[in-house]
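Notes follow once the structure below has been shown.
Both backbone and side-chain heavy atoms feed into the values below; hydrogens, waters and symmetry mates do not.
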Amino acid sequence: MTTMNLLIFSVLLLSSLTIPTMALEVCVKAAVGAPDHLGDCPFSQRVLLTLEEKKVPYQMHLIDISNKPKWFLEINPGGKVPVVKFDGRWVPDSDVITQILEKKYPKPSLVTPAEYASVGSKIFASFVTFLKSKNASDGTEQVLMSELSALEKHLKAHGPYVSGEKISAVDLSLAPKLYHLDVALRHFKNWNVPRNLTHVKKYMKLLFSRESFVKTAAKKKYLIAAWAPKVNP
């Protein structure tokens with residue numbers, strides 16, 4: 001083999017080799033009663049959605065919240081999920097984690113314009129209050145409807161996503177919460193998002209059909225199992 005041919009062969013060989021990317025370690029909630037399956041935590045799913053949308057390799061550890069392993073409590077004494085290992089340090093809190101992911105992996109950008117960052121921020125709390133309510137006339141349904149109507153108005157003006165044509169961090173925060181709302185209220189109260197909120201319903205369908213969501217969503221039966229003791233303590 002000539003020197004030139006040897007050089008070409010060496011270049012082709014090197015180009016065929018892939019340098020493995022270190023996967024981030026992430027601890028998320030396991031399903032209630034099924035510790036080998038992904039659980040219902042919307043904050044865990046938010047982190048997983050961010051990782052999926054940014055195509056960041058990760059190794060997922062499912063944590064049984066009712067029986068937390070010793071190693072998990074040693075690395076994370078607070079015991080909460082999600083936590084992600086960045087540069088040898090375990091970091092909790094989905095807000096902090098997603099901000100770090102945006103800095104470390106800026107493409108594709110998931111930055112939400114500041115003026116839209118709080119859109120839909122009260123929906124989840126309103127949903128939980130209504131879900132747990134036993135009094136049909138206590139106004140909790142109306143509060144939730146007010147929040148959903150505000151989202152409807154925003155999406156009508158700016159949709160299909162909160163900040164326009166491209167998905168961003170606020171959508172990845174809302175998606176799991178709207179999934180909980182959809183599944184839990186349908187099951188426990190036979191309640192659905194009203195048909196007249198057309199933009200909200202289209203938004204939910206758009207979010208739930210994304211590949212990242214399908215891959216990271218807990219099965220409905222696990223979500224229902226997790227809410228059952230909170231709805232009927």
Side-chain angles (χ1 to χ4, degrees), residues 29 31-32 38-50 52-53 94 110 112-113 115-232:
K29 184 182 178 183
V32 174
L38 186 61
D40 63 290
C41 174
F43 307 102
S44 292
Q45 191 185 5
R46 176 191 181 189
V47 169
L48 295 178
L49 282 168
T50 305
E52 289 288 339
E53 291 288 341
S94 63
L110 293 174
T112 303
E115 63 269 27
Y116 299 151
S118 63
V119 171
S121 61
K122 297 180 181 179
I123 288 176
F124 192 66
S126 300
F127 143 67
V128 173
T129 303
F130 174 47
L131 178 64
K132 294 180 177 181
S133 171
K134 304 299 182 185
N135 183 352
S137 59
D138 63 3
T140 55
E141 180 180 4
Q142 288 70 28
V143 172
L144 174 59
M145 277 301 303
S146 177
E147 296 299 329
L148 289 173
S149 296
L151 178 61
E152 172 74 14
K153 183 178 179 180
H154 177 89
L155 292 172
K156 184 177 181 179
H158 304 285
Y161 294 105
V162 167
S163 60
E165 294 296 326
K166 293 184 178 180
I167 197 166
S168 69
V170 68
D171 302 299
L172 301 186
S173 178
L174 275 172
K177 297 169 183 176
L178 289 170
Y179 180 54
H180 277 247
L181 180 155
D182 184 54
V183 174
L185 289 180
R186 190 189 305 268
H187 179 81
F188 292 104
K189 285 184 175 286
N190 194 30
W191 191 96
N192 298 296
V193 174
R195 291 182 180 179
N196 66 310
L197 298 182
T198 56
H199 290 83
V200 171
K201 292 185 80 70
K202 288 179 182 178
Y203 178 59
M204 292 167 67
K205 185 176 181 180
L206 190 62
L207 292 173
F208 299 167
S209 64
R210 289 187 74 88
E211 182 182 353
S212 60
F213 191 92
V214 174
K215 188 174 179 179
T216 61
K219 292 182 179 179
K220 292 179 181 180
K221 64 179 180 179
Y222 297 137
L223 192 153
I224 291 168
W227 278 111
K230 301 172 186 176
V231 175
N232 300 303

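No donor-acceptor pair closer than 3.5 Å links the side chain of Lys156 to the backbone N or O of His199. Here the side chain of Ser173 pairs no donor or acceptor atom with the backbone of Ala169 at under 3.5 angstrom. Listed for the His154 side chain is no donor-acceptor partner under 3.5 Å among the backbone atoms of Gly120.
Taking the side chain to side chain contact (heavy atoms under 4.5 Å, CB included) definition, one finds that Lys221 meets it with Lys219, sequence neighbours left out. Taking the side chain to side chain contact (heavy atoms under 4.5 Å, CB included) definition, one finds that Asn135 meets it with Ser133, Ser137, Asp138, sequence neighbours left out. By the salt bridge (Lys or Arg N to Asp or Glu O under 4.0 Å) test, Glu141 is found to be paired with no residue, residues two or more places apart in sequence or in another chain being considered. For the side-chain hydrogen bond (donor to acceptor under 3.5 Å, both in side chains) test, no residue two or more places apart in sequence or in another chain qualifies with Lys205. For Ala225, the side chain to side chain contact (heavy atoms under 4.5 Å, CB included) criterion is met by no residue, not counting sequence neighbours. In this structure, the side chain to side chain contact (heavy atoms under 4.5 Å, CB included) partners of Val183, at least two apart in sequence or on a different chain, are Tyr179, Lys220, Leu223, Ile224.
When side chains are defined from C-beta on, Glu53 counts as touching Ile167, because their heavy atoms get closer than 4.5 Å. With contacts defined as side-chain heavy-atom distances shorter than 4.5 Å, the pair Phe127/Leu148 does not qualify. For the pair Gln45 and Phe213, the minimum side-chain heavy-atom distance is below 4.5 Å. Annotation: side chain of Asp171 is in contact with side chain of Tyr203 (closest heavy-atom distance under 4.5 Å). Under the 4.5 Å side-chain criterion, counting only non-hydrogen atoms from C-beta, Thr112 is not in contact with Val119. Using a 4.5 Å heavy-atom cutoff, the side chains of Ser146 and Lys122 are not in contact. With a 4.5 Å cut-off on side-chain heavy atoms, Leu131 and Phe188 count as touching. Between Lys134 and Val231 the shortest side-chain heavy-atom distance falls below 4.5 Å.
Taking all atoms of both residues into account, the shortest heavy-atom contact from Val162 to His158 is O-CB, 3.8 Å. Residues Leu206 and Pro160 come closest through the heavy atom pair CD2-CB, 3.8 Å. Residues Ser168 and Ser163 approach most closely at OG-OG, 3.5 Å, considering heavy atoms. Summarising the geometry of Lys201 relative to Pro194, their closest heavy-atom pair is CD-O, 3.6 Å, with the distance given to 0.1 Å. Taking both residues in full, the closest heavy atoms of Tyr161 and Arg210 are given as OH-NH1, 2.8 Å, listed atom of the first, atom of the second, then distance. Annotation for Ala175 and Phe208: closest pair O-CE2, 3.5 Å, computed over non-hydrogen atoms.
Interatomic distance, NZ of Lys153 versus CG of Leu151, reported as 12.5 Å (0.5 Å rounding). To the nearest 0.5 angstrom, Lys177 atom NZ is 11.5 Å from Ser126 atom OG. Distance check: Met145 CE to Trp191 CH2 gives 6.0 Å after rounding to the nearest 0.5 Å. The CD atom of Glu147 lies 7.5 Å from the OG atom of Ser121; values are rounded to the nearest 0.5 Å.
Taking the six-membered ring where the residue is Trp, Phe124 and Phe43 present perpendicular rings, their angle passing 60° and hence far from 30°.
For the side chain to side chain contact (heavy atoms under 4.5 Å, CB included) test with Leu185, the passing option among Asn190, Leu144, Asn192 is Leu144; the others fail.
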Original post:
For Ser149 and Leu197, what are the C-alpha separation, side-chain angles and deciding distance, and is it a side chain to side chain contact (heavy atoms under 4.5 Å, CB included)?
Top reply: CA-CA 7 Å; Ser149 296; Leu197 298 182; 4.2 Å; yes

**OP:** Could you check Glu152 against Thr198 for side chain to side chain contact (heavy atoms under 4.5 Å, CB included), going step by step and ending with a plain yes or no?
**Re:** CA-CA 8 Å; Glu152 172 74 14; Thr198 56; 3.5 Å; yes

**OP:** Test Leu38 against Leu48 for side chain to side chain contact (heavy atoms under 4.5 Å, CB included), laying out the working first.
**Re:** CA-CA 11 Å; Leu38 186 61; Leu48 295 178; 3.9 Å; yes

**OP:** For the pair Thr129 and Val143, evaluate side chain to side chain contact (heavy atoms under 4.5 Å, CB included) and give the outcome as yes or no after the intermediate values.
**Re:** CA-CA 9 Å; Thr129 303; Val143 172; over 6 Å; no

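The environment of Lys189 atom NZ is dense: over 12 non-hydrogen atoms of other residues, nucleotides or ligands sit within 6.0 angstrom. In this structure, Glu211 places its CD atom where only 12 or fewer heavy-atom neighbours from other residues, nucleotides or ligands lie under 6.0 Å away.
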